[in-house]
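One structure is given here, and the rest of the page talks about it.
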Amino acid sequence: MQPHTSTPIVQTKHSAHACLKPVGVAEVKLTGGLLEERYRTNLEASIPAGWQQLWESHTVPNFYVVSGRHPGEVKGPRYIDSDGYKWLEGASWALAHHGDDQLRQWVAEFVDVIAAAQEPDGYLNTQFMGERTSRRFTDLNHAHEIYCFGHLTQAAVAHHRVTGERNLLDVAIRYADLLYRLFGPEGRWGTCGHPEAEMALIELYRETGEKRYLELASRMIDARGRKPPVLDGSHYLLDHAPFREQREAVGHAVRALYLYAGATDLYMETGEPALMETLNALWHDVFMRKMYVTGGLGARYEGEAFGLAYELPNLRAYAETCAAIAGFMWNWRMLQVQPDARYADMMELALYNGILSGLSLEGTRYFYMNPLESRGGYERQAWFGCACCPPNIHRTLASLPGYLYSLEEGTVYVHFYASSELNTRLPNGQPVRLQVQTDYPWSGDISVRPSAGRYRLALRVPGWASGAEVRVNGHSADAEAVPGTYLVLERDWQEGDEVQVHLPMFVQVVRANPRVEEDRASGVLMRGPVVYCVEQVDVPDGNLMELYLPADTGGLEAQYDSSLLKGVVAITGSALLDTVAREEQPLYVPMHRYEPPRWREVQVRWVPYYAWANRGASAMKVWLPLALQP
Ligand code: FUB
Ligand code: ZN
């Protein structure tokens, strides 16, 4: 299927303050490797099963009820429509490469009933129609109406970009126009307790050229932190201070991160320095003080919220899948503003760990919380009463091709390495084709074959990749591969040229800043961007709770095993087991009676964190205490 328009996830083509310009989801084809496998599983298993779940959870039936096509009642939580819209966004991106008739039919059916459900004035929310109409916009704090509009609009933009059809876009436009009448400059101050519409309105502006949507998004950001408050003045709703005065990430993590992403979209259009000052401070707080080693965000169960700086419990980590995705979306926007590799590093960390962990290997079960430790019994589920995470995975994986590359005048940026083909045009109209071959992240060897022509290739050298090397046709590149930067190669490329990137993949013990008290005496194994964990099933000779990481990990071996967890590099080697019978000891003893561990060496296997809990609900640990004693 040929996309009708260009198919970027975030259309920065005309954004004056975005250095990078996007490539379309349809312009990149994943051709092999882990990301392609996850992408395909999403298309073949997750999205179809998601459609069934949307029926069973009453998400789709609600639209049939309010449109008068089916009798019955509207059911579900107030944000349930958004689950359907997120699925629809994912299904629309999927259509960019997957012209499957069945999927197209589901999308068409859903779009049709959504349009039929819309009120003549543009309003659309199954939970506030019919006898509940009088409650429209009476609870901006918690009702999620504008949030659901945001997801509708993101789905509509994706649907329009991929299919060229206007029917869903027109629904979103009618609703956006109603919101503009109510909350625009002629209306009252209003915004949603759950940000999301900011990003969506700005994308709608980019898709339609209608400035009022940008103006409304900007006004919704300005509505926060007013006195008297437009919302409830709380940290939870990010209403405690005007946005430009916020410096610390607080409150509900997904709400906060969507707000930051929307404000970054606004910056790309306006270039207002005060916005970037705020965004830089918030970015530093989130990614330098409040992020798990897996890229997970939002430490606290209470309020699904950010904790204090360095408050990162492992067993009780909340780390909602949606929050890791929201962080990924925000970093993508920061990266478009300025091609600084640290944003791509954070995206990659989240993708290979805290996002992929949200989906089971067979593709139909999900984690909502992504703890870094489990005592056993924690498993993925087929759906949730609050089902925000599953369709967030659908849309993220379905749009993955659009995240691999960006463009700048005369430059192609390669952000993420995956076997893929890029077919695009530079902003000056020059056609460019790249063919990338790699087994990344299992291997750090990457071959890039550019099509002929004069242009620059900007290749990301990940922050962890000490000793990286880049060669062109077998000769060392003139520029040095500095970790945490883009290495730029400018040439008159000839057909048959090959760039070879070598990122040394070695097993590293990673330690946390000592301010993360819980991880102070612990280490985690990483290999490239992949975080490893140990599951009890891989410690046959002892209790995972008593396992320590030896001081010398030089003997650990990393090997690809095609029969394990759909094919992963596993790490095997010795660890130390404390053989003191701890359960018979008192909880606390005076120092002089403390009995240090007595070690026994055991053979252990570490597996990628994203793949845990796919062999039963085993106990699991990411961080292991270091055997540094006595
Ligand atoms: O409130 C809607 C969604 O449900 C949020 O994004 C998630 O964090 C969960 O609270
Ligand atoms: Zn979620």
Side-chain angles (χ1 to χ4, degrees), residues 8 12-13 18-25 27-33 35-36 332 335-345 347-348 400-441 443-504 528-529:
T12 54
K13 194 168 168 190
C19 287
L20 297 189
K21 307 299 165 193
V23 303
V25 172
E27 292 174 322
V28 182
K29 190 169 162 37
L30 288 163
T31 55
L35 290 188
E36 190 273 339
W332 178 245
L335 186 63
Q336 307 315 298
V337 171
Q338 184 195 350
D340 182 330
R342 71 192 161 139
Y343 302 126
D345 276 356
M347 290 178 74
E348 183 170 73
L400 262 190
Y403 286 108
L404 301 189
Y405 304 95
S406 297
L407 308 173
E408 207 181 9
E409 201 61 46
T411 309
V412 181
Y413 278 81
V414 185
H415 302 301
F416 304 110
Y417 296 110
S419 286
S420 56
E421 284 175 17
L422 166 70
N423 261 299
T424 191
R425 282 179 185 276
L426 291 171
N428 63 13
Q430 184 184 347
V432 170
R433 186 155 173 265
L434 291 191
Q435 280 185 301
V436 176
Q437 275 292 333
T438 178
D439 268 335
Y440 193 87
S443 154
D445 290 321
I446 301 134
S447 153
V448 181
R449 292 185 177 276
S451 59
R454 181 156 202 98
Y455 55 92
R456 285 180 292 270
L457 276 182
L459 303 161
R460 177 172 150 259
V461 184
W464 50 263
S466 313
E469 282 174 7
V470 176
R471 302 173 84 80
V472 182
N473 299 330
H475 304 289
S476 279
D478 314 334
E480 203 192 332
V482 180
T485 67
Y486 287 87
L487 179 142
V488 181
L489 299 173
E490 177 164 13
R491 290 176 77 109
D492 205 348
W493 300 103
Q494 307 297 315
E495 216 48 63
D497 279 349
E498 184 185 18
V499 179
Q500 295 127 336
V501 181
H502 173 67
L503 307 174

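Throughout, residue positions are numbered sequentially from 1 according to the sequence presented. Quick note: numbers below take in every heavy atom, side chains included, and nothing from hydrogens, waters or symmetry partners. Because the structure is a prediction, the values reported are computed rather than measured.
Nearest heavy-atom pair, Asn473 versus Gly496, reported as atom, atom and distance to 0.1 Å: OD1-O, 4.3 Å. Val432 and Val412 get closest at one heavy-atom pair: CG1-CG2, 3.8 Å. Nearest approach of Ala458 to Tyr486, heavy atoms of both residues: O-CD2, 3.8 Å. Thr12 and Ala18 get closest at one heavy-atom pair: CB-CB, 3.7 Å. The heavy-atom pair separating Leu407 from Pro427 by the smallest distance is CB-CD, 3.9 Å.
Contact of the Leu457 side chain with the Trp493 side chain is registered, since non-hydrogen atoms from C-beta on lie closer than 4.5 Å. With a 4.5 Å cut-off on side-chain heavy atoms, Glu408 and Cys19 count as touching. Side chains of Glu36 and Thr31 form no contact here, defined as non-hydrogen atoms less than 4.5 Å apart. No side-chain heavy atom of Tyr413 sits under 4.5 Å from any side-chain heavy atom of Leu335. Between Leu404 and Val23 there is no side-chain heavy-atom pair separated by less than 4.5 Å. A 4.5 Å side-chain heavy-atom check between Thr438 and Ser419 finds at least one atom pair inside the cut-off.
Note that the CD atom of Glu495 and the CZ atom of Arg449 stand 10.0 Å from one another [nearest 0.5 Å]. Distance check: Gln336 CD to Lys21 NZ gives 9.0 Å after rounding to the nearest 0.5 Å. To the nearest 0.5 angstrom, Gln494 atom CD is 10.0 Å from Arg454 atom CZ. Here the straight-line distance linking atom CD1 of Ile446 with atom CD of Gln500 works out to 11.0 Å at 0.5 Å rounding.
Between the side chains of Ser447 and Gln437, no donor-acceptor pair is found at a separation under 3.5 Å.
Screening Trp332, Phe416, Tyr417 for a ring-ring contact (aromatic ring centres under 6.0 Å, His included) involving Tyr403 leaves a single residue, Trp332.
Remark: side-chain polar atoms of Arg456 are paired, donor with acceptor, to backbone N or O of Glu409 under 3.5 angstrom. A distance-only check finds no donor-acceptor pair linking the side chain of Asn423 to the backbone of Glu27 [under 3.5 Å].
Partners of Tyr405 according to the ring-ring contact (aromatic ring centres under 6.0 Å, His included) rule, which considers only residues two or more places apart in sequence or in another chain, do not exist here.
More than 12 heavy atoms of other shown residues, nucleotides or ligands fall within 6.0 angstrom of atom CD in Gln338.
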Donor-acceptor pairs under 3.5 Å, side chain of residues 459-471 to any protein atom, not counting sequence neighbours: which ones?
from   : atom 1 : to     : atom 2 : distance (Å)
Arg460 : NE     : Asp345 : OD1    : 3.1
Arg460 : NH1    : Glu348 : OE2    : 3.4
Arg460 : NH1    : His415 : O      : 2.8
Arg460 : NH2    : Asp345 : OD1    : 2.7
Arg460 : NH2    : Glu348 : OE1    : 2.9
Arg471 : NE     : Gly474 : O      : 3.1
Arg471 : NH2    : Gly474 : O      : 2.9

